[in-house]
A.B. asks: 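Next up is a structure, given as structure tokens.
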Amino acid sequence: MLNLVLFGPPGAGKGTQSAKLIEKYGLIHLSTGDLLRAEITAGTDLGQEAKKLMDQGILVPDSVVIGMIENKLNENKGAAGFIFDGFPRTVAQAEALNTLLEGHQLSIKHMISLEVNQEELTQRLLERGKTSGRPDDQNEELIRKRVQEYGEKTAPVAGYYDSQGKFQGINGIGEIEEIFGQIVRIIEG
Ligand code: ADP
């Protein structure tokens, strides 16, 4: 089992690199952002509540995303491994993930952090907003709020994995293939 956390601020390229990892290693992609957007599209109560927060660039409650991840782990017991993308986003989520994985006799192998400066992030997100249809990518104020949430609540998650010797930071600016090569070297290193 190869279980990875792909980490980094909004717009760092987690989705792009996840797609390549899935193709190469046959992993299951668990993106809490995608799962929440699916709930919104389906019009569920959870989706309606989450949308109010997501439209403001604020994180949804830990209990909500932890519950979604728990369901997905239970649904995919025979998987070759998981890529966690956009989760854990708080230290509480990281602790809960640890407990959930232990319950399945699993653990995180690497936490790979894509490092990109704020200027580049804002440009990428505004560019993505032109085609993605995501309302949270179309407004500079909202992007700033998401990056602020990242700095306050999510950045400390790096320390959580670093203290377990699992943190690996890589430069997220450059050619997609080159960045992917660095990730592969970490996995196969
Ligand atoms: P990005 O990484 O581009 O910001 P995501 O698609 O991962 O986008 O997430 C979009 C929004 O969904 C976040 O701004 C947040 O409101 C919510 N969200 C996603 N994952 C989590 C999480 N693990 N914990 C709390 N909120 C989350």
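In each ligand, atom 1 is the first atom listed, and ligand 1 is the first ligand listed. The structure presented is a predicted model; accordingly, all values stated were derived computationally and were not measured.
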A.B. asks: So, 4.0 Å and heavy atoms of R134: is ligand 1 close enough to count as a contact?
C.D. replies: yes
A.B. asks: Which of these, V60, L142, D136, sits in a side chain to side chain contact (heavy atoms under 4.5 Å, CB included) with M54?
C.D. replies: V60
A.B. asks: Any idea which of R89, Q93, R146 brings a heavy atom closest to atom 2 (O) of ligand 1?
C.D. replies: R89
A.B. asks: Report, as yes or no, whether the 6.0 Å neighbourhood of atom NZ on K109 holds more than 12 heavy atoms from other residues, nucleotides or ligands.
C.D. replies: no
A.B. asks: Counting both backbone and side chain atoms, is some N or O of L53 under 3.5 Å from an N or O of ligand 1?
C.D. replies: no
A.B. asks: Strictly by modelled atom types, are Q123 and E127 linked by a side-chain donor-acceptor pair under 3.5 Å?
C.D. replies: no
A.B. asks: In terms of heavy-atom contacts, does NZ of K153 have more than 12 from other residues, nucleotides or ligands at under 6.0 Å?
C.D. replies: yes
A.B. asks: Would you say I58 and ligand 1 have an N/O pair spaced under 3.5 Å apart?
C.D. replies: yes
A.B. asks: So, regarding R128 and ligand 1 (criterion: nitrogen or oxygen to nitrogen or oxygen, under 3.5 Å), is there a contact or not?
C.D. replies: yes
A.B. asks: Using a 6.0 Å cut-off, check whether atom CG of L53 has over 12 heavy atoms from anything other than its own residue.
C.D. replies: yes
A.B. asks: Does a side-chain N-to-carboxylate-O contact under 4.0 Å join K72 and E75?
C.D. replies: yes
A.B. asks: What are the atoms of ligand 1, with element, lying closer than 4.0 Å to any heavy atom of G33?
C.D. replies: 5 (P), 6 (O), 7 (O), 9 (O), 19 (C), 20 (N)
A.B. asks: What's the shortest heavy-atom distance between G86 and T32, and which atoms?
C.D. replies: O-OG1, 2.9 Å
A.B. asks: Short list, please: which atoms of ligand 1 are under 4.0 Å from a heavy atom of P10?
C.D. replies: 1 (P), 2 (O), 3 (O), 4 (O)
A.B. asks: If you count the atoms of ligand 1 from 1 in the order shown, which ones are under 4.0 Å from a heavy atom of K14?
C.D. replies: 2 (O)
A.B. asks: Counting only nitrogen or oxygen atoms and a 3.5 angstrom limit, does V60 reach ligand 1?
C.D. replies: yes
A.B. asks: Report yes if T32 has an N/O atom closer than 3.5 Å to an N/O atom of ligand 1; otherwise report no.
C.D. replies: yes
A.B. asks: What is the closest protein heavy atom to atom 12 (O) of ligand 1, and at what distance does it sit?
C.D. replies: M54 CE, 3.2 Å
A.B. asks: In terms of heavy-atom contacts, does CD of E178 have more than 12 from other residues, nucleotides or ligands at under 6.0 Å?
C.D. replies: yes
A.B. asks: Give the numbers and elements of all ligand 1 atoms closer than 4.0 Å to a heavy atom of F87.
C.D. replies: 23 (N)
A.B. asks: Is the count of non-hydrogen atoms from other residues, nucleotides or ligands lying under 6.0 Å from E115 atom CD greater than 12?
C.D. replies: yes
A.B. asks: Going by the order shown, which atoms of ligand 1 are within less than 4.0 Å of some heavy atom of G86?
C.D. replies: 20 (N), 21 (C), 22 (C), 23 (N)
A.B. asks: For atom 18 (N) of ligand 1, what's the nearest protein heavy atom and its distance?
C.D. replies: L36 CD1, 3.5 Å
